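A quick note: this is a predicted structure, and the numbers were derived from the prediction, not measured. Lettering follows sequence order; numbering is per chain, from 1.
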Number of protein chains: 2
Amino acid sequence: MSNEPPATHTAPGVTPKASYHHGDLRAQLIAAVQDLVELHGPDGFSVAEAARRAGVSSAAPYKHFKDRHEILRGVVSEAMDRLRAAMEAGAAAHPRGSFEAVSAVGLAYVNFARAEPGVFRLVFSLTEGHENAPDLLAKGENCFGVVVQAVADRLALSPSNPEVQRRAYLLWSFVHGHSFLTIDMKTKVASAEINDWDYLMTISHAILGAPIKA
Amino acid sequence: MSNEPPATHTAPGVTPKASYHHGDLRAQLIAAVQDLVELHGPDGFSVAEAARRAGVSSAAPYKHFKDRHEILRGVVSEAMDRLRAAMEAGAAAHPRGSFEAVSAVGLAYVNFARAEPGVFRLVFSLTEGHENAPDLLAKGENCFGVVVQAVADRLALSPSNPEVQRRAYLLWSFVHGHSFLTIDMKTKVASAEINDWDYLMTISHAILGAPIKA
DNA sequence: GAGTTATGTGAGGGCTGCTAACTTTAACAA
DNA sequence: TTGTTAAAGTTAGCAGCCCTCACATAACTC
């Protein structure tokens, strides 16, 4: 459940690869599942196949995860870390408090969805057994927190300000919806012709540029 | 694949229930799957369970659907019909060209997601074998078409006008994102305190009320 | 009524999730 | 060094699922 590397019984200074029976199966399983999800969609994966890819028997994964759901939660947890890092990096690449910083957070989000549509979808399709995963909830909050922070910087208000939260949520809805629609392509519509950056800047201005309350 | 009732070999005037072995299994299977998806999520359904609910053997469904995927496509197709009808009804309940009409379309969307989160999620998580389903693509376009029409009415422009399409897409991405976020509740955030109607009116004004291009 | 087609059944193969009982390896302590 | 213990792997196997096949039977056509 934790994301620190196992490394429990490997002497320090020894490469963790040659340490034990397998090395670090846990991480390798997660990587395999990530690949599979990306290949065949969130439900097109199997523990057996992941084990096969890692070169172990089909029962081995259950020494590290109690459930197939727990493996998925592991993948999601790891993905959320990457997503948050990307969003933070996006914000950091622009002047604090600029529209660009806000847009960059959104762009990181959309880019993540485009780069890993399977995993992205998985992150938001985890309904089974996600109640018992307060860590995932917390990571979700953290991701949202990046948006909130960027908005707060832009508006020069506290992140806890309700108006900041409200507008951050508005922004997030747009970005989230756009991300899903682009990877779904359920309709090819204008979405193909949309320039993400222009879109995000437009939205940022519309939501943060002026008082919204009509 | 079509959504007209089977009714192939039932003499007219006879109740379709007592007509044949089962009656109309196809529709009943779809209904059963709908229930199951709502109960256990998009991937928590099984053909066998659906057959059990319909009171037939586990092989019977394959006389009506070639695949488990085809059953799901049937559910999605039916759901899209309902969704579009709801959106149209929403628009029709307000003066043509009003902000309210636009918002009502969005509200119907959000309400659908809230009422049937499992099915709603399924509609947008069908990646497997949805390429061979041009009818679903078309229905998706039709749904978007309702938004486009409402926006076109509001702006007094043609639905084919690129600016109309662009703004309709903006609106749609917001509504879509908001819908998903509310049913996910991955973060309980401010979203719980949100009044959908106020939100939609706010957004409609922000996107359609004035020229957006800064 | 005869033939054809549509719709059902049961049996079964192959895959999956997961458990149980066992074996091997690493880590640790005396 | 050596014996104990716990972690991490193995094989075997059950139950459940998807889907196919061979077969049975009801309904429609003529």
Q: Can you tell me the distance, in whole Å, between the CG atom of B/Leu72 and the C1' atom of D/dC18?
A: 13 Å
Q: Would you check if there is a donor-acceptor pair between the side chains of A/Glu88 and A/Gln149 at a distance under 3.5 Å?
A: no
Q) Could you state the NZ-P distance from B/Lys66 to D/dC19, rounded to the nearest angstrom? A) 8 Å
Q. Quick one: A/Leu25 CG to D/dA7 C1', roughly how many Å, whole number?
A. 13 Å
Q) In residues 29-43 of chain B, which residues come under 4.0 Å of DNA chain C by heavy atom? A) none
(Q) Which residues in residues 44-64 of chain A have a heavy atom closer than 4.0 Å to any atom of DNA chain D? (A) A/Val56, A/Ser57, A/Ala59, A/Ala60, A/Lys63, A/His64
Q.
Without decimals, in angstroms, what is the distance between A/Ile71 CD1 and C/dG17 P?
A. 8 Å
Q) Are any side-chain N or O atoms of A/Asn142 and backbone N or O atoms of A/Gly145, one a donor and one an acceptor, separated by less than 3.5 Å? A) no
Q. Rounded to the nearest Å, what distance is computed from the CZ atom of residue A/Arg68 to the P atom of nucleotide C/dT19?
A. 13 Å
Q: Whole angstrom is fine here: how far is it from CG in A/Asp67 over to P in C/dT19?
A: 8 Å
**Q.** Separation of A/Met201 CE from A/Leu107 CG (nearest 0.5 Å)
**A.** 11.5 Å
Q: Hey, can you tell me if B/Phe124 and B/Phe180 have their rings parallel, tilted or perpendicular (30° and 60° cut-offs)?
A: perpendicular
Q | A/Asp135 and A/Arg73 ion-paired at < 4.0 Å | A | no
Q. Taking atom types as modelled and ignoring hydrogens, do the side chains of B/Asn161 and B/Gln165 form a donor-acceptor contact shorter than 3.5 angstrom?
A. no
Q) Is it true that the side chains of B/Tyr109 and B/His178 contain a donor and an acceptor less than 3.5 Å apart? A) no
**Q.** Whether A/Glu38 side chain and A/Gly118 backbone form a donor-acceptor pair below 3.5 Å
**A.** yes
